[in-house]
Amino acid sequence: MPTLTIQLPGLPSVEHIVREDAITLGRMKGNSIALNDSSVSLSHAKITRVGNDFFLKDLNSTNGTMLNGQSITEARVRDGDQLKFGEVIAYFRLEPLSPPAAAPVTAEPAPLPKFIAQSVPTPLAAPAAVPLVSSPPAPALRSSVPVLPKLPSPATRRTSLRLPLLIVCGIAVLAVAAVLVWKYQTGSSAPAAAAPPVAAVAAKSAPAITSNLASAPAKPAATPPHDPNLDNLVKGLKSPDPAVRRRAASAIYNLGPGAKPILPSLPGSLADADPDVRMWVALALVHNNVFEKASIPILVQTLHNANPTLRQVACLSLAMIPYTGADKEPVIAALVDTATKDESPDVSNDAMTALKIIAPDLMPGK
């Protein structure tokens, strides 16, 4: 039976038996093999059996899939190959590793031959114990070795490191959507590992952590300087020229977390006459965890955009929204239609990913 041995960083390796003709790997809970590592995409890769052969396919992951050290899109997998999903290493084997041999059972010794047994002297009876004068017990010595706290087992550590599913999916969706939009806007064929504008802004705004934080006196947080460019982008959203509004909305989305100071001024643009302005503003709000009800029909409409990259981003963005009441029903219907009818396999795959998050009970095998 083929096996896939997964080695998550800092954890013991785990061997998975490949029983199905097709398995998926990724951070999402609904995958055949869930990989709880930040370098792995929500839906990262797929292994398919064709007769006696196995094929590995990258599902448009953020950090890519490698086979024996080479980046691949799709390739045949052979016995003993090393696979890498982001920073997670795995080994594929057509037969599982042989279990350690069981310790031999010690048999009772065979009886000695009669002529040898007769020559063995009979042991003498032990002499009676001589009573000793009791002495007071010596005082117990206090051990100088400190008692170490019991460390949690690897399984416990793994459980304690798991984030709630929504947070994990939100982080993964932000990364995937940022890369997809960056590719769409630049038209570049560079590999997905290159840092898109959103990732660059996020890295620049991340606070530094000092080693003497505990001993340093508390200081009031410094107020970041006001960026006049943000005011210009807000003014651009109100321009009578739709091309100016589109450029402003796209630039605001690409700011990522840097757009937080102007988020309160964005919901009004969800009613803009230009569909592209509405789309970029809805994406900027959702990816900054601002969930306006008016964003939902805009993202559903984006599922019909002519560009497949934007359709992928719409699928992943719809998966981030915490729905209430009956709001999710039209979203589920639209995602089912996209998953079954879209001409792009990548879009169909991302629509299925969103469905597994929004309506896991509807998915087969649940």
Side-chain angles (χ1 to χ4, degrees), residues 20-32 41-50 55-62 65 73-74 169-170 172-185 187 192 253 270 274-283 286-287 291 293-323 325-366:
E20 296 83 4
D21 289 338
I23 65 170
T24 58
L25 304 96
R27 294 181 65 186
M28 187 182 63
K29 183 179 178 183
N31 284 289
S32 307
S41 294
L42 195 66
S43 184
H44 197 105
K46 183 178 183 180
I47 297 177
T48 306
R49 182 204 301 263
V50 180
F55 295 88
L56 173 66
K57 180 180 180 182
D58 181 75
L59 299 179
N60 198 28
S61 62
T62 301
T65 301
T73 301
E74 186 169 6
C169 294
V173 166
L174 281 172
V176 174
V179 172
L180 291 174
V181 174
W182 172 66
K183 283 184 175 181
Y184 164 77
Q185 291 179 329
Y253 169 80
L270 292 173
D274 188 274
D276 284 348
V277 175
R278 298 197 300 267
M279 177 189 69
W280 290 119
V281 170
L283 290 173
V286 170
H287 291 199
F291 305 111
K293 192 170 183 178
S295 298
I296 298 176
I298 295 173
L299 295 177
V300 169
Q301 184 62 35
T302 307
L303 294 175
H304 303 286
N305 192 284
N307 189 288
T309 300
L310 291 177
R311 300 202 299 273
Q312 284 184 264
V313 175
C315 291
L316 297 173
S317 301
L318 286 168
M320 295 177 60
I321 299 175
Y323 296 95
D327 290 340
K328 69 166 63 174
E329 293 180 4
V331 175
I332 293 173
L335 287 172
V336 169
D337 188 67
T338 301
T340 55
K341 298 180 182 180
D342 198 282
E343 61 185 10
S344 168
D346 292 333
V347 177
S348 298
N349 180 71
D350 286 339
M352 289 294 294
T353 296
L355 284 170
K356 289 178 182 179
I357 297 172
I358 299 173
D361 295 339
L362 297 181
M363 304 308 296
K366 293 292 180 181

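These numbers were taken from a predicted model, which means no experiment stands behind them. For the numbers below, each heavy atom of this structure counts, side chains included, while hydrogens, waters and symmetry mates do not.
For the atom pair OH of Tyr323 and CD1 of Ile332, the computed distance is 8.5 Å after rounding to the nearest 0.5 Å. Within the model, atoms CE of Met320 and NE2 of His287 stand 5.5 Å from one another, a figure rounded to the nearest 0.5 Å. Note that the CG atom of Asn31 and the CE atom of Met28 stand 4.5 Å from one another [nearest 0.5 Å]. Within the model, atoms OG of Ser43 and CG of Asn349 stand 4.0 Å from one another, a figure rounded to the nearest 0.5 Å. Distance check, rounded to the nearest 0.5 Å: CG of Asn60 to OG1 of Thr309 gives 8.0 Å.
Among residues two or more places apart in sequence or in another chain, the side chain to side chain contact (heavy atoms under 4.5 Å, CB included) test is passed with Asp342 by Arg311, Thr338, Ser344, Val347, Ser348. Under the rule for a side chain to side chain contact (heavy atoms under 4.5 Å, CB included), the partners of Lys46 that lie at least two apart in sequence or sit in another chain are Ala22, Thr24, Thr48, Leu59. When the side chain to side chain contact (heavy atoms under 4.5 Å, CB included) test is applied to Ala45, the partners found at least two apart in sequence or on another chain are Leu56, Thr65, Phe85. Judged as a side chain to side chain contact (heavy atoms under 4.5 Å, CB included), and not counting sequence neighbours, Ala333 has no contacts.
Using a distance-only test at 3.5 Å, with no hydrogens or angles considered, a donor-acceptor pair links the side chain of His44 to the main chain of Ser41.
In this model, no donor atom of one side chain and acceptor atom of the other lie less than 3.5 Å apart for Gln312 and Asp346.
Applying the salt bridge (Lys or Arg N to Asp or Glu O under 4.0 Å) test to every pair with at least one member in residues 330-340, sequence neighbours left out, gives these pairs: Asp337-Lys341.
When all heavy atoms of Thr302 and Leu310 are compared, the closest pair comes out as CG2-O, 3.8 Å.
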- Item | Verdict with supporting geometry, Ser61 and Asp58, side chain to side chain donor-acceptor pair (under 3.5 Å) | CA-CA 6 Å; Ser61 62; Asp58 181 75; 2.5 Å; yes
